[in-house]
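Computed from a predicted structure; not experimentally measured. Every chain is numbered from 1, with letters handed out A, B, ... down the list of sequences.
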Number of protein chains: 2
Amino acid sequence: MGATKTEHFTEKQNDIAILAKALGHPARIAIIDYLLKVDTCICGDIVNELPLAQPTISQHLKELKNAGLIKGTIEGTSVCYCIDEKVLEKFQNYFIKISNRLEKKKNNCCKL
Amino acid sequence: MGATKTEHFTEKQNDIAILAKALGHPARIAIIDYLLKVDTCICGDIVNELPLAQPTISQHLKELKNAGLIKGTIEGTSVCYCIDEKVLEKFQNYFIKISNRLEKKKNNCCKL
DNA sequence: TTATTATATTGCAATATTACGATAAATAAT
DNA sequence: ATTATTTATCGTAATATTGCAATATAATAA
């Protein structure tokens, strides 16, 4: 036990869950926020922005990278990270779908 | 160590992270999917739908409830769960903001 | 009252995540 | 070549999550 039973769910469900999970930590939201704030897509000064040690941030960046939410290109000694719009769009589309479905139902749910 | 350093991040960042985290498991995505599928927003047959034991599902429901994504109203012996649109909207708004920001940048990011 | 049914809670084992110091690897500067 | 700079990886401790059997709770039915 303890491990998620991934194989019992659909690919779509797992895909969305992986993206959501990657965003499920304030440090990683802060990283995304920072990447959006800085105009010239930024590299390693994220370490100076966040109140976490360098290895910890490196780990969070890796998780965002694994989920496909950001990409990193090496530039000399530093790495330039930026948001992958396509993957973020995919995630957004999921919520658009949900919204559409909820609108159809017109909130005729229970007694809320 | 081991625990998330919540206090170091903004309230907004924590809010979004909590919502994302709640959706960061395929079973919980499956629950949301099911609640959307069933017209008469349904209760405990989620247990029959998902390949998980009843206590496990109860726990996942609790997490969705804690995050504010769903609400449960007692109806006799059973409980009627449904999606809370407001909270979901809040989450969606975050992505709309991101999209807008990314559009401004026009993808002039690194060499991607 | 005594089942029955539906959901929640408890307790626990297995696994995953978070965080960081120490260290490695790789490039740039001297 | 040596030294700094930047990022990644390893190892490890603390904590959290996942999943379920057993049990509790609460409302209904007999």
Checklist entry - Does any non-hydrogen side-chain atom of Leu23(A) lie less than 4.5 Å from one of Phe91(A)? => result yes
Checklist entry - Tell me, do Ile31(B) and Tyr81(B) make a side-chain contact under 4.5 Å, heavy atoms counted? => result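 When only atoms from C-beta onward are counted, Tyr81(B) and Ile31(B) do not touch, as no gap falls below 4.5 Å.
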Scan nucleotides 6-10 of chain C against the protein and return all N/O pairs shorter than 3.5 Å with their distances rounded to 0.1 Å.
unit_1: dT7(C); atom_1: OP1; unit_2: Gly44(B); atom_2: N; d: 3.1
unit_1: dT7(C); atom_1: OP1; unit_2: Val79(B); atom_2: N; d: 3.1
unit_1: dA8(C); atom_1: OP1; unit_2: Tyr81(B); atom_2: OH; d: 2.5
unit_1: dA8(C); atom_1: OP2; unit_2: Ser58(B); atom_2: OG; d: 3.0
unit_1: dA8(C); atom_1: N7; unit_2: Gln54(B); atom_2: NE2; d: 2.7
unit_1: dA8(C); atom_1: N6; unit_2: Gln54(B); atom_2: OE1; d: 2.9

Between [N] atom [atom2] and [X] atom [atom1], what is the distance in whole Å?
| X | N | atom1 | atom2 | result |
| --- | --- | --- | --- | --- |
| Glu63(A) | dA19(C) | CD | C1' | 12 Å |
| Ile74(B) | dA27(D) | CD1 | C1' | 10 Å |
| Ile57(A) | dT6(D) | CD1 | C1' | 13 Å |

Item to check | Phosphate OP1/OP2 of dG19(D) contacted by His60(B) side-chain N/O (<4.0 Å) | outcome: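 Yes, His60(B) has a side-chain N/O under 4.0 Å of OP1/OP2 on dG19(D).
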Checklist entry - For Leu52(B), which contact category applies under a 4.0 Å heavy-atom criterion: base, sugar-phosphate, or nothing? => result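 If one applies the 4.0 Å heavy-atom cut-off, Leu52(B) turns out to touch the sugar-phosphate alone, with no base involved.
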Next on the checklist: If the condition is salt bridge (Lys or Arg N to Asp or Glu O under 4.0 Å), which residues does Lys12(A) pass it with, not counting sequence neighbours?
Outcome noted: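 Lys12(A): no salt bridge (Lys or Arg N to Asp or Glu O under 4.0 Å) contacts found.
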Next on the checklist: Are Leu64(A) and Ile29(A) connected into the same hydrophobic cluster when the rule is that any two of I, L, V, M, F, W, Y join if their side-chain heavy atoms are below 4.5 Å apart?
Outcome noted: yes
Item to check | Side-chain (Glu63(B)) to main-chain (His60(B)) donor-acceptor, under 3.5 angstrom | outcome: no
Next on the checklist: Please check: side-chain N/O of Ser58(B) versus main-chain N/O of Gln54(B), any donor-acceptor pairing under 3.5 Å?
Outcome noted: no
Next on the checklist: Phe9(A) and side-chain contact (heavy atoms from CB on, under 4.5 Å): which single residue from Ile16(A), Asn14(A), Asp15(A) fits?
Outcome noted: Asn14(A)
Next on the checklist: To check you understand the geometry: which heavy-atom pair defines the closest contact between Thr4(A) and Pro26(B), and what is its length?
Outcome noted: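 In terms of heavy atoms, the two residues are closest at CG2-CG, 3.8 Å.
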Checklist entry - Among residues 4-28 of chain A, which residues get a heavy atom nearer than 4.0 Å to DNA chain C? => result Lys21(A), His25(A), Arg28(A)
